[in-house]
Each structure stands twice: as C-alpha cells, then as structure tokens.
Amino acid sequence: MFPPFPEKRAAQACEEIARKIDSGEIGVIRVTKESEERKDAGMMIGALVCRDEDGNETVIASNSGTARRLDLRGTEILSLPSQYAEPVASAEEIARALSGNDAEIHRLTEEIGSEKNAEKRRGLESKRKILCAQSLANVHALYSFCCADGKTRTLRDICESHNAAMMMPEGKLPPTGTGDCCAPKLLHHAFKNNLLPVSMCEFFVGNGGTKKCEPCDERCGILLPAMLGLKILFRDDDICAIDKPSGLLSVPGRTEKDSAETRFRRLFPGSPAQPAVHRLDMETSGILILALNRESQRAMQRQFENGDVRKEYVALLDGVLAKNGIPAHGTVETFFRLDVENRPHQIWDAENGKKAVTEWQVLGVERYESPGGTARNATRVLFMPHTGRTHQLRTASADAHGFGIPIIGDSLYGTKADGERLMLHARRIEFTHPRTGVRMTIECGEAF
C-alpha cells in the first residue's frame, strides 16, 4: 500500500536507529525464545515523527513482531526525545490465547504425520484446521487499535468492515501477525497519546545493511485505512488521492459532518479548508483527489472546470442493455436539472437542464447475487464522462432518455435492497500534476 505520510525524516530516523543498534547504543531485547529458523534473521524497524498539541516533536520507534523489542534507554533520535511503541498484544498474552488448543494441535500434527489412511488423515487435518482457526480467533480478540478519530476499534470489527467492503466471505480471518507490523503499532501509540503523525517509514535491518520498505498490503492494507479513516492511493507534497468508500460524504453535509474532507484535514491539518478538488456522490466509491496546499487546489480545480481531467467509472446495471437496444459502445447526451422540491434528485429538462455527455463501453453481462441471495443478470459498463454533472451517470443509466436501466443499489433512481450498495466506482483518473506538469494516471481496483 502507498505510504500514508511523508517518509524523509522518518527514514533518517530509521537509519539512525540501525546505526545505534550496530553500535550497541540501542539494545535489542529478546522477549521469547528464538526459533532456529529465525536465529540469524533481520527485523523490521519503524519510526514515526510526531507533534503534540503544543508543536513539540518526538520520535516513536518500534520493531515488528512480539519476540524482540528495542531498548531505547532514553536515547534521542534526530536530536528529539524518543518513545517506544509497545506491541498491541504482548507475547505473554498471545501465548495464553494459544495455550488452550496448543497441545491438541501438536498431537494431531504428529498423528497426521504417521497416518497412512488418506480419508482418516483428511479427517484429522479438518479437526486441526478448526482448532487452529479457534486459536487464531483467540489471538485476534486481543487486538484493539486507537484511531485518528479518537475511537478504539477491535481487529475483529475492522476485519468485518473490510470483508463487507471487499465483498469477501463473512468471518474471514486476517493473516497471522496482523497488528504486529511497525506501522499499526506506531500509529496506535501516536493516537493513544494524542500525537499528530508527521513522517513515518519502515526499514528492514539485517544481512549487514538496511532497506526501506512500504506498509504491506495483506496486513497493513486492512488496518491502516481503518485507523486513519482513509485509504491513501497516492500522496506527495501537493496532492493526495484516496479510495473513498461507498457511504462516506466527499465534503461535510448540513447535518452529517463526517466526510472524506473531515478525515483528511484531521490527518493533514495544514491543508486548505476545503481540500477536495472535485466530488463523488456519497454512495459512489473510488478515487477522490484532495489538495495539500492552496496553489495545487486552484490548479486542480481549473483542470476539472476546463475538462482536462479524464475519468473512468465502472458500474453494474440492473438488467441487460442489449435487450433495450443499447449498443456495446457509444455516447449519450442528457439534460437534467435539480428537482427543487425533491433534493438532491435530478429531473429531465430538455430546455433548462444542463447538458451532460457520457461515453460508455459494455464490458459484459454477468450474474449478480443480491445480499438476500437472489440472482439476476446485470451488465457491467465502463463509463467515461466528458462532463461533470450531478448524478450524471446515475441519470444516464436510469432515465428513459438514456439506457432506461438503473445502476444496482441506486436509492434515488432505482431500488436498493437491505445490505446493498450503489454499484458505481470511480476506478481511474488522468490529470496533469499541478506542480510538475507531468501527466499522471491513478487507478483504483474495482470494488465489486
């Protein structure tokens, strides 16, 4: 996953930590017995430069896993006070959580190794798998993380939300070691102590050298978006691209203040008051661009106003377009305006409506299974809007002047079943970087 914060100062801190480990100024304390296969292995270290409410800076350091810990002994890092981020769950707590099934798992493993009958061996393996899953669930129950919004979230709740958003099986467990990487430890410690992250980086130390690493997708990719409130796809000193989830406002509403902008400014308080340079409907997921300074904000907004930004959306429409005589590719012009008596609904108005131009490409017909378990045919469509009108793709799909087939889960122009989301996702955006002038493309994997 993309590093959520600038890395330069934290990378310098990691290099200093590595040097001080080599010199013995920072000790590495063994917490649990070292396994033979990991005896000479290196380790991940991480550093997070933070600022408190008074502007005072500190460096938080940590290492991955629970078997070892850094002994900072009051050592300054980058000439700043240092703190150690303890594991969210200690090695002792993990050992107790595993102890209930440990003996039986080892017994089954030995029995499996000596069992010659294939059917009996499969039965033993099935029993061991169940016990291992129970033990892993016991370990996961130990983990709770302090988050940027001041709330504490359990690993179980984070994983359930992740599984639902990714349309993965309910109850799917995260990989072993989730929560033991440096990044979640560092952020948990910072948020627990009301510290604002400024710079974060991770290094692998071992084999006589150091190597900068990025947060991993399989573990940190689950935790960090939940802890930060945002999934960051790209960030530099000027702009940030996030994957906005369905159900989150782009900007604060009249009554609902939680939004992508609100969460972004919590992480980057020096950004403009209104950092989002464009909008996505609350129910639409996908790429949203936000600015980190006023110059980039103005430059990006001009690109959107001038039509210099190219966007792609993928949608799942509730039916088969070919049955309505819709070709596989084309461009449609529609004219809609706000229904002032039924906000934010848009209505067709050929005389007073704003012109919207939408190009489409049919990607295929597939079976869609609703949360209730019923299945029906749906058409996957790639939309390339040439204009940026409110609800442009939703009205082009649902209205008789367009396709006459709504997007699945559209609560305004179609139907939305319990547990269903709007099946519309902003998957690709192309624009000119506001400072460098380089043409950029950002992509976001399809959400359904």
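The basis for the numbers below is simple: all heavy atoms, side chains too, and nothing from hydrogens, waters or symmetry mates.
Residue pairs meeting the side-chain hydrogen bond (donor to acceptor under 3.5 Å, both in side chains) criterion with at least one partner in residues 223-238, sequence neighbours excluded, are D236-H433, D238-N293, D238-S296, D238-R435. Within the structure, every pair that satisfies the side-chain hydrogen bond (donor to acceptor under 3.5 Å, both in side chains) test and touches residues 438-448, not counting sequence neighbours, is listed here: R380-E446, R427-E446, R428-E443, E430-R439, T432-R439. Within the structure, ring-ring contact (aromatic ring centres under 6.0 Å, His included) pairs that include any residue of residues 233-280 comprise F2-F234, F5-F268, F264-F268, H278-F304 (at least two apart or interchain). Residue pairs satisfying the ring-ring contact (aromatic ring centres under 6.0 Å, His included) criterion with at least one member in residues 65-104, sequence neighbours excluded, are absent.
Here the side chain of T387 pairs no donor or acceptor atom with the backbone of R389 at under 3.5 angstrom. The backbone N or O of Q274 sits less than 3.5 Å from a side-chain atom of Q297, completing a donor-acceptor pair. Distance alone, capped at 3.5 Å, places no donor-acceptor pair between the K185 side chain and the G46 backbone. Using modelled atom types, one side-chain atom of S62 and one backbone atom of A85 make a donor-acceptor pair closer than 3.5 Å. Panel note: side chain D52, backbone D54; a donor-acceptor pair is recorded below 3.5 Å. For D217 (side chain) and M1 (main-chain N/O), a donor-acceptor pair under 3.5 Å exists by modelled atom type. Between the side chain of H188 and the backbone N or O of C146, at least one donor-acceptor pair lies under 3.5 Å. Between the T262 side chain and the K257 main chain, a donor and an acceptor come within less than 3.5 Å of each other. S199 places a side-chain N or O within donor-acceptor distance of the main-chain N or O of P6, the cut-off being under 3.5 Å.
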For this session: Kindly indicate, with the supporting measurements, whether the criterion side-chain contact (heavy atoms from CB on, under 4.5 Å) is fulfilled by W360 and L382.
Result: CA-CA 6 Å; W360 81 88; L382 178 66; over 6 Å; no
For this session: Determine, step by step, whether S411 and E283 satisfy the side chain to side chain donor-acceptor pair (under 3.5 Å) criterion, reporting the C-alpha distance in whole Å, the side-chain angles of both residues, the deciding distance to 0.1 Å, and the verdict.
Result: CA-CA 9 Å; S411 60; E283 296 176 85; 3.1 Å; yes
Exercise. Going through the distances and angles, do T284 and H425 end up as a side-chain contact (heavy atoms from CB on, under 4.5 Å)?
Worked result: CA-CA 6 Å; T284 303; H425 179 71; 5.9 Å; no
For this session: Check step by step if salt bridge (charged side-chain N to carboxylate O under 4.0 Å, His left out) holds for E111 and R107.
Result: CA-CA 6 Å; E111 195 172 344; R107 189 193 68 77; 2.6 Å; yes
For this session: Please assess N56 against R51 for the test side chain to side chain donor-acceptor pair (under 3.5 Å), listing each intermediate value before the final yes or no.
Result: CA-CA 5 Å; N56 302 310; R51 188 179 298 129; over 6 Å; no
For this session: Take I94 and L142 through the side-chain contact (heavy atoms from CB on, under 4.5 Å) test and state the conclusion after the steps.
Result: CA-CA 8 Å; I94 292 172; L142 300 172; 4.1 Å; yes
For this session: Could you walk me through whether R376 and D318 pass the salt bridge (charged side-chain N to carboxylate O under 4.0 Å, His left out) test, one step at a time?
Result: CA-CA 8 Å; R376 57 190 187 273; D318 201 358; 2.6 Å; yes
For this session: Please lay out, stage by stage, how K127 and L131 fare under the test side-chain contact (heavy atoms from CB on, under 4.5 Å).
Result: CA-CA 6 Å; K127 290 180 181 179; L131 291 176; 5.6 Å; no
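Rounding to the nearest 0.5 Å places OG of S259 at 9.5 Å from CG of L288. Note: S64 OG to F204 CZ = 8.5 Å, rounded to the nearest 0.5 Å. Separating the CD1 atom in I77 from the CZ atom in R19 is a distance of 11.0 Å, to the nearest 0.5 Å. Atoms CD1 and SG, from I45 and C182 in turn, are 7.5 Å apart once rounded to the nearest 0.5 Å. Annotation: the span from L136 atom CG to T178 atom OG1 amounts to 8.0 Å, rounded to 0.5 Å. Between atom SG of residue C181 and atom CD of residue E218 there is a gap of 8.0 Å, rounded to the nearest 0.5 Å.
Under the salt bridge (Lys or Arg N to Asp or Glu O under 4.0 Å) rule, D258 has a single partner from R263, R266, R265, which is R263. Here the options are T379, T358, L317, the test is side chain to side chain contact (heavy atoms under 4.5 Å, CB included), and the partner is F403; only L317 passes.
Using a 4.5 Å cut-off on side-chain heavy atoms (C-beta onward), C240 and I232 make contact. At a threshold of 4.5 Å between non-hydrogen side-chain atoms, the residues V381 and L363 do not count as touching. Using a 4.5 Å heavy-atom threshold, the side chains of C220 and P184 count as touching.
Between the side chains of E369 and T374, not a single donor N or O lies within less than 3.5 Å of an accepting N or O. Side-chain atoms of T75 and E25 form no donor-acceptor pair, as typed in the model, at a separation below 3.5 Å. Judged purely by distance below 3.5 Å, without hydrogens or angles, the side chains of N63 and R68 never pair a donor atom with an acceptor atom. Side-chain N/O atoms of R421 and S285 include a donor and acceptor closer than 3.5 Å.
Salt-bridge formation is not detected for the pair E125/R122: no Lys NZ or Arg NE/NH1/NH2 atom is positioned less than 4.0 Å from an Asp or Glu carboxylate oxygen. Ion pairing between E202 and K212 fails under the 4.0 Å rule for side-chain N and carboxylate O. A salt bridge links E86 with R69; the closest basic N to acidic carboxylate O contact falls under 4.0 Å. Look at D410 and K416 and you find no salt bridge, because none of the NZ, NE, NH1 or NH2 atoms lies under 4.0 Å from a carboxylate O.
In terms of heavy-atom proximity, P275 sits nearest to E261 at N-OE2, 3.4 Å. Heavy-atom minimum distance, H140 versus P175: NE2-O, 4.1 Å.
Taking the six-membered ring where tryptophan is involved, the planes of H345 and Y413 are tilted, since the angle between them lies from 30° to 60°.
Within 6.0 Å of the CD atom in E53, the count of heavy atoms belonging to other residues, nucleotides or ligands does not exceed 12. Remark: R156 CZ is loosely packed, at most 12 non-hydrogen atoms of other residues, nucleotides or ligands lying under 6.0 Å away. Within 6.0 Å of atom CD in E76, more than 12 heavy atoms from other residues, nucleotides or ligands are found, so the atom counts as buried in its surroundings. The environment of D418 atom CG is sparse: at most 12 non-hydrogen atoms of other residues, nucleotides or ligands sit within 6.0 angstrom.
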For residues 147-155, run the donor-acceptor check on the side chains, cut-off 3.5 Å, and write out each pair with its distance to 0.1 Å, sequence neighbours left out.
| from | atom 1 | to | atom 2 | distance (Å) |
| --- | --- | --- | --- | --- |
| D149 | OD1 | K151 | N | 3.0 |
| D149 | OD1 | R153 | NH1 | 3.1 |
| D149 | OD2 | R153 | NH1 | 3.2 |
| D149 | OD2 | R153 | NH2 | 2.7 |
| T154 | OG1 | D157 | N | 3.0 |
| T154 | OG1 | D157 | OD2 | 3.2 |

Got a list of side-chain donor-acceptor pairs under 3.5 Å for residues 11-18, not counting sequence neighbours?
| from | atom 1 | to | atom 2 | distance (Å) |
| --- | --- | --- | --- | --- |
| E16 | OE1 | L78 | N | 3.1 |
| E16 | OE2 | K20 | NZ | 3.0 |
| E16 | OE2 | L78 | N | 3.3 |

